[in-house]
Amino acid sequence: MITEKVQQVVDAWASARGLTELPACRLERPADEAHGDYATPLCLQLARAAGKPPRVLAEDLRAWLVADPELADLVEKVEVAGPGFLNFTLGQKAYAKVMTDLLAQGEEVGRGERRPHPRVNLEFVSVNPNGPLHVGHGRYAAYGDSLYRLLVFSGAEVSTEYYINDYGRQMDRFGRSIAARYAQSLGVDLPVPEDGYFGEYVKDIAAVLRDEVGDQYLPVLREVAESLAQGQSDAEPRSSAVGGTAVGAELEQEEEAEEEETAGLPSEWPSDSAVEEAVTFFRTRGCELMLKSIREELAAFGVEFDCWFSETTLHTSGRLQQVVERLLASGEAYYKGDAVWLRTSARGDDKDRVLIRRNGRPTYFAADIAYHEDKLERGFEHLINIWGADHHGYVPRMMAAVEILAGRPGVLEVIIGQLVNLMEEGETRQMSTRRGEMVTLAELIEAIGVDAARFFLVMRSHDQTLDLDLGLARRQSQENPVYYVQYAHARIASIIRNAPPDLVAAVGGDPQVYASPYERNLIKRLDSFSWVVQEAAARRAPHRLAAYAQDLAADFHVFYKHCRVIGAPPLLASSRLALCLVTKRVIARCLDLLGVSAPDSM
RNA sequence: GCGCCUGUAGCUCAGUCGGAUAGAGCAACGGACUUCUAAUCCGUGGGCCGCAGGUUCGAAUCCUGCCAGGCGCGCCA
């Protein structure tokens, strides 16, 4: 509030002095209390352009600020300090005014003005439906969902989306793995393919499908098993690559690196129509079941999506072929060496990329282009994708592709989240969906609960790799800062419960008195909430909300220690209760934006 | 080799796109419950902001080079 007022006067002053190129007049909270409640280095920044010493500018501006009657009412004094800082000390009225303003905003305190444009599409998680969510995915789920809530609260129009990679060889392997477990459970020794999925969850899916179809697919799989037994002499074990730890990363992708392209099913399995049909069944149903479980797990984690988009539909609807044809027609794509390429190198990529392979099959990239075209056609004006750091090499080509589709740059924004480093009692632990070695999100939630897990996963910058030691997390969950914040909320709820009804009813109607530094610090913190929201949204940095919530809780706990509410003289009591009420609302909002509950008692 | 991210207290990390004496939590030590919830509060100790230059009134922040760690660089998905 003070910031806006000061900005007005500064603008007037600047235009009167003929100063343009004005940097934003930031009011900072100085570390040293001797420097007032707020300070700005504006004049230092302006000195060069103005051709005057900063202190001279500051004195001049100070005169303007002091002369403004409205500002003079709020600010006790303005001082020129140091090399040219302007320090503001707030007066009594400023605190009452801020509080009146915050109270009037009710539950919506801090919410930004609604901006219907640009319509934003936010895609995140998008885990392949061939295994359970692990904690790495959990980080993107927590981050993406908090970002979504934050963007909406800051005023943006946002829709969330999960892209289902339910097409391609990865899914075939998944289907064959389920088929093998299905056969095994019925007494047929059909081994899981070497490039298949070995996790226990595959057996669970197989058991469900066995209940669904009985032994319907057993004969055909028995034939497969016999055929494999005959020709197994040339099978050689593939070395098991061990990559980094993996969060959005799927190790299986590395392991297939040198593999030959094959059109249909992998070579070991006979490729007749009956086998294909069986595999299709297990793949399709397995994918559905896996997706269902992923969906339920995310919902339990507090994460829901507006749209679940299937990659397969891009292939079956013809959209993929159509977009490639359009790109060829416009000259953005071309034939070379029997393959179709896209001119991404003309738009910042290292080289052009293949859309349609020599063998006629489209690349994953081509499907992604069709997908993003679909997003644009659905009316989205800004596309945000959250990817793991292991996909950052893919960014330039996708940016180029969307630039071509949209006809202008800047439509696609890719946020790269760093990975989660899994540790077990200090030892690095490798993860692989294929081998079924992972710490699942469900495990983490079971160990420390949704609130602590979400807070932990989102409280650090997404640009920072995150170390997670499950054993340590379990032991230290009581130290999770989320409880510190929640406790402040519960304490306030308790005060409100214990307060006389007439006191609660009177809140907001009284003139307010805030004289102590504990009350004033809390008010200043609350006053900055809307700025924090806008800043966190603009920088795609929900972790700032976590930091803010901790600061706010700390300010409250100190206030609580020193300032009694119930039993204080009536005017003071209602003023303080108002402060409690606003604090409670802001804490609850912060926690909600982080997907964390705000309990009334602990 | 090239590209992206990171390097801040013993540990985990903030640091408001260049501001005043670099912050918090945990860990260590010492205090505070007869009062609205002690999951709290108060105090103490702890730092070549990876290293070296540069830009300027001013650098953890911007630029260059180096060092270290993570990730990536397919007609894989």
Side-chain angles (χ1 to χ4, degrees), chain A residues 26 28-32 34-35 39-41 44-45 47-48 53-54 81-85 87 128 165 167-171 243-247 249-250 252-259 261 311 337-341 350 353-359 361-365 367-368 388-396 416-419 421 459-467 472 476 478-481 483-484 486-488 490-499 528 531-532 535-536 539 543-544 546-547 550-551 553-554 557-558 560-562 564-568 576-577 580 601-602:
Chain A
R26 294 196 318 277
E28 302 166 349
R29 294 270 299 271
D32 189 340
H35 296 145
T40 179
L44 287 161
Q45 295 159 345
R48 179 176 298 272
F85 291 98
N87 295 341
N128 296 356
N165 297 122
Y167 186 90
R169 285 179 303 149
Q170 218 46 256
M171 290 313 296
T245 55
V247 170
E250 302 293 341
E252 56 265 32
Q253 290 164 15
E254 295 177 28
E255 295 172 16
E256 72 186 271
E258 300 303 322
E259 192 167 309
E261 274 291 314
E311 179 187 355
D338 291 332
V340 179
W341 299 69
D350 293 338
R353 304 291 173 172
V354 171
L355 297 176
I356 307 292
R357 282 175 271 242
R358 257 193 322 241
N359 63 15
R361 292 181 57 216
T363 57
Y364 180 84
F365 182 43
D368 233 357
D390 53 330
H391 286 96
H392 78 258
Y394 194 69
V395 174
I416 294 299
Q418 295 302 313
L419 305 183
N421 210 9
M459 75 181 174
R460 273 65 189 274
S461 164
H462 66 276
D463 259 344
Q464 190 88 29
T465 54
L466 196 60
D467 286 336
L472 207 60
Q476 293 187 341
Q478 291 313 305
E479 293 158 14
N480 193 309
Y483 299 115
Y484 182 82
Q486 288 180 320
Y487 185 57
R491 271 183 150 177
I492 297 172
S494 176
I495 292 174
I496 294 170
R497 268 197 304 274
N498 290 317
S528 68
W531 179 83
V532 170
E535 198 70 8
R539 293 171 192 248
H543 77 276
R544 289 190 178 220
Q550 290 177 75
D551 289 339
H557 285 308
V558 174
Y560 180 91
K561 180 74 179 175
H562 293 95
R564 250 200 98 74
V565 179
I566 299 167
R576 286 177 173 173
L577 194 60
C580 288
S601 66
M602 291 175 72

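Residue numbering restarts at 1 for every chain, and letters A, B, ... go by the order of the sequence lines. We use all heavy atoms of the structure for the numbers below, so side chains are in, but hydrogens, waters and symmetry mates are not.
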Q. Just wondering, are more than 12 heavy atoms of other shown residues or ligands nearer than 6.0 Å to CZ in A:Arg358?
A. no

[X] [atom1] - [N] [atom2] separation (whole Å):
{"X": "A:Gln550", "N": "B:C41", "atom1": "CD", "atom2": "C1'", "value": "17 Å"}
{"X": "A:Asn421", "N": "B:G69", "atom1": "CG", "atom2": "P", "value": "14 Å"}
{"X": "A:Ile495", "N": "B:U40", "atom1": "CD1", "atom2": "P", "value": "16 Å"}
{"X": "A:Arg491", "N": "B:U40", "atom1": "CZ", "atom2": "C1'", "value": "4 Å"}

For [X], answer base if it contacts any base atom (sugar-phosphate contacts may also be present), sugar-phosphate if it contacts only those atoms, and nothing otherwise; contact means non-hydrogen atoms under 4.0 Å.
{"X": "A:Asn165", "result": "nothing"}
{"X": "A:His557", "result": "sugar-phosphate"}
{"X": "A:Gly84", "result": "nothing"}

Q) Stems in RNA chain B: runs of 3 or more consecutive Watson-Crick or G-U pairs, distances under 3.5 Å? A) B:1-7 with B:67-73, B:10-13 with B:23-26, B:28-32 with B:40-44, B:50-54 with B:62-66

Q: For the pair A:Thr363 (side chain) and A:Ile356 (backbone), establish whether a donor and an acceptor sit closer than 3.5 Å, ignoring hydrogens and angles.
A: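 Such a contact is absent between A:Thr363 side chain and A:Ile356 backbone.
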
Q | Nearest non-hydrogen partners of A:Asn87 and A:Ala81, listed with the distance | A |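 Heavy atoms of A:Asn87 and A:Ala81 come nearest at ND2-CB, 3.4 Å.
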
Q | base_contact_polar (B:A20 base, A:Asn87 side chain, donor-acceptor, <3.5 Å) | A |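 Under the 3.5 Å cut-off, the side chain and the base do form a donor-acceptor pair.
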
**Q.** Ring geometry between A:Tyr394 and A:Tyr364 (parallel below 30°, tilted from 30 to 60°, perpendicular above 60°)
**A.** tilted

Q | Glycosidic conformation of B:C33, taking syn as within 90° of 0 and anti otherwise | A | syn

Q: Compare the aromatic ring of A:Phe85 with the six-membered base ring of B:A20 and state whether they stack according to the 5.5 Å and 30° rule.
A: yes

Q. Can A:His392 be said to stack with the base of B:G72, given centres closer than 5.5 angstrom and planes under 30 degrees apart?
A. no

Q. Among the nucleotides B:A77, B:C75, B:A14, which one has an atom lying closest to any side-chain atom of A:Ala547?
A. B:A14

Q: Please measure how far the C1' atom in B:U61 lies from the corresponding atom in B:C49, and state the result in whole Å.
A: 10 Å

